[in-house]
Amino acid sequence: MGEFDFSVWQPSLPFIRDGLLFTLRLTLVAMSGGIVIGTLLALARLSPIAPLSRIAGAYVDLMRSIPLVLVILWFFLVIPFITGSPVGAETSAVITFTAFEAAFYCEIMRSGIQSVPRGQVDAAQALGLGQAQTMVHVILPQAVRNMIPVLLTQTIVLFQDTSLVYAIGAKDMLKAADVVGKNYNRPVEMIMLSALIYFAICFSLSLAVKQLQKRVAIIR
Amino acid sequence: MNTRTATLACLILAALAAPALAQDASGTLKKIKDNGSITLGIRESSYPLSYLDDKQQPVGYHIDVCNRIVDAIKTRLKLPALKVQHQAVTSQNRIPLVTNGTVDLECGSTTNNEARQKQVAFAPTTFVTNVRMAVKKASGIKSLDQLAGKPVATTSGTTSVQLVRAHEKGKGIDFKEVYGKDHADAFLMLETDRAVAFVLDDNLLAGLIVSSKSPADYAIVGEVLNIEPIAIMLRRDDPAFKKLVNEAVIGLMKSGELDKLYTRWFLSPIPPKNVSMNFPMSEALKHLIKAPNDAPAESFNKK
Amino acid sequence: MNYHWNWGIFLEQVKSGDETYVDWLVTGLGWTLAVSLTAWIIALSIGIAVGALRTTPSRLLVLLANAWVELFRNIPLLVQMFLWFFVVPEFLPRDWSLWVKQDMPAKEFVTAALCLGFFTSSRVAEQVRAGVGSLPRGQRDAALALGLTLPQAYRQVILPQALRIVIPPLTSEFMNVFKNSSVAFAIGVLELTFQARQMQEDSEQGIETYLAVTLLYFICAFTANRGMALIEARTRVPGLIARTG
């Protein structure tokens, strides 16, 4: 290979920026959607209604047992049959990641909910709160607070996983870097650039999570 | 996890197989008219047939051919404002995406062969490629027989892999096969001496070589492993659409327009580096322009 | 769907000769298991060591162990795989580099197993650290007070308890190893994803191919899940992990 030629980084920057914006947008939407659906799934899993908890459990286990890249491919091929018309790669990516990450956020929320001491529930009910009120006002706020670091760590994983959208041709950052690498036949230099960018972003996020962890920890 | 998960898997399977949602097989033109848009499947690095230029826009010989077909569709449907969308495809997903209606015309570098004709239809052949190998000139390799015991690169999931294996079996020699996930990776293996030869379609090899760090170091050599007709792909069992596409492509051939497009992409400087591939038209393609057809690869290699 | 179904495709001969598509998938499954299990052994040994180091009193060791974790968990696996395969050998002396690139036996397998192993080790280390951190301080103090050296305290008191605590999150990581091993196709390991691409291209029965492969991955991850559950049940110390939730 001889010497590296990093001059290719310069013309790639506008595409890297666009790709990064897509990656960030995808991460944010999938995270917010995933946490909401994941929480609902967690409530379903813990619900006393057997069929509900079973369906939620089956969904979570299925999602956790299949490689993400295959899930991405399947959703892209199957969504047109559900909606009746094809959707673009980017919409498909958003739907897939929300649905997939929901399964992981569900497991986190479930352990968060279960980590709330039983006495809290008893106390809430003694105060006359209904079941739903107990969940919304007493359990969930504590569960979320307990689980914020884990939720954010999962989001860092999600951020990295978005690179797998190459399977359906959506243009994320890695894809943009890859295309420039191919155009100029400098794949190694472009991979090194993307490694640096991923590392910089993920490392800062993980430092931020550590700071947050110190602040929000509930002292028992 | 067991039974409930299995039930869910079955449900998904059933949804997949449900024919009720299948779209009207004769309906590509209707679909294009209803949506006011057509989706072209494009490749990202199939030089110079279909690739992304330095502005990351799809360009290439087959993109131009497809744009001419789109013009014909606009005229037929009286839809001058027809919107053209692009969907990047890979060799893994291009056929499912055409069959499930995401992509209407695949303008990449797809070999027309018998197995694929069970799933999709092809426009008349617009390019013919020869599967050969690229080597570093310094290695002195001129023939496949010199590769015994040496590492040979191919791109995983391409027909070259099977051609190389069949050749090994036929001649009783043994290569060390190494695989790149795409053409750029496989070329990188040749460049970094992980492999001494890279077997692929000759136009793609030529494209990779002109854009490499030192094009003068490489040569395309050796026997032709296979001749493959490359064509634009569309949905099967849609006679109205197929007829329109056929007429448009044959029209380009008869009017000499296709020759001009060929010269523009294969014999003149092209983006992103503005160098020419210098890749003269093969006899096989000249013949096909005179007598257009959509015969599969098998009929080329029979003799 | 305007799709030509052919479920018998798996028993048909591949185009180039005397194998069936099932043979391809079986070979693929073999490599997937080999890469995943080797990587898991690497990940567990390094991950437990690094995770334990992060809880020691030595600042230098903690710093080094933290650096290991941050390095391997903050870059996508696909990118790491590419770096190990294409970039790292370029920094070796010329002879070594050529040996690694051309003559090293099973080079793709070795690279993939090491890369996946290191990547997973950073996650295992994170879990192990959390497990050690969740033990009451008294356990370590009592062990040291009894005259055990620090390494002895880790080996005989702290780690046996911490590892039991983190079995559930480790189960997820074990399942992830099988799923993540699919990235090894990128450097040419002949594993399941590789075989799927090849079979898809050779047979043009993509949907059948991907369904079969999805099922095989599912079975691997599911078996890993059950296996870990069994270990969890057998190693449970009565009374120790009676924690709620």
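Quick note on labels: first sequence line is chain A, next is B, and so on, each numbered from 1. Remember, it's a predicted structure, so these values are computed and weren't measured experimentally.
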Find the one option among I156(A), V71(A), V69(A), L73(A) whose heavy-atom pairs under 4.5 Å with chain C are most numerous.
L73(A)

Show your reasoning for whether side-chain contact (heavy atoms from CB on, under 4.5 Å) applies to D61(A) and F222(C).
CA-CA 9 Å; D61(A) 287 339; F222(C) 181 68; over 6 Å; no

Tell me, for S182(C) versus chain A, whether the close heavy atoms (under 4.5 Å) come from the side chain, the backbone, both or neither.
side chain

Would you check, one step at a time, whether the test side-chain contact (heavy atoms from CB on, under 4.5 Å) holds for E107(A) with S172(C)?
CA-CA 11 Å; E107(A) 285 304 274; S172(C) 293; over 6 Å; no

Which atom pair, heavy atoms only, marks the closest approach of L71(C) to F199(A)?
CA-CE1, 3.8 Å

Would R64(A) and N225(C) count as a side-chain contact (heavy atoms from CB on, under 4.5 Å) here? Give the steps.
CA-CA 10 Å; R64(A) 292 209 310 159; N225(C) 180 305; 4.2 Å; yes

Ignoring hydrogens and geometry, is there a side-chain-to-backbone donor-acceptor pair from Q160(A) to R73(C) under 3.5 Å?
yes

Taking the side chain as everything from C-beta on, heavy atoms only, tell me whether V79(C) gets closer than 4.5 Å to L174(A).
yes

How long is the gap from OH on Y198(A) to CG on L78(C), to the nearest 0.5 Å?
9.0 Å

Taking every non-hydrogen atom, the tightest pair across L83(C) and M192(A):
CD2-CG, 4.1 Å

To check you understand the geometry: which heavy-atom pair defines the closest contact between P76(C) and S163(A), and what is its length?
CB-OG, 4.0 Å

Do W74(A) and L211(C) have side chains that get closer than 4.5 Å, going by heavy atoms?
yes

Residue pair F86(C), I191(A): steps toward the side-chain contact (heavy atoms from CB on, under 4.5 Å) verdict
CA-CA 10 Å; F86(C) 282 113; I191(A) 282 282; over 6 Å; no

Do K210(A) and E70(C) meet the salt-bridge criterion of a basic N to acidic O distance under 4.0 Å?
yes

Is it the backbone or the side chain of F82(C) that comes under 4.5 Å from a heavy atom of chain A, or both, or neither?
side chain

Value rounded to 0.5 Å, distance of CG in N66(C) from OG in S206(A)
9.5 Å

Let me confirm one number: the CG-CD1 distance from L196(A) to I75(C), rounded to the nearest 0.5 Å.
7.5 Å

With chain C, the option among A195(A), C202(A), P187(A), A200(A) that has the most non-hydrogen atom pairs under 4.5 Å is C202(A)

CH2/W68(C): more than 12 non-hydrogen atoms of other groups inside 6.0 Å:
yes

So does Q120(A) have more than 12 non-hydrogen atoms from other groups sitting under 6.0 Å from CD?
yes

Per-residue contact mode, R123(C) against chain A (heavy atom under 4.5 angstrom)
side chain

Is there side-chain contact between K179(C) and I66(A), with heavy atoms separated by less than 4.5 Å?
no

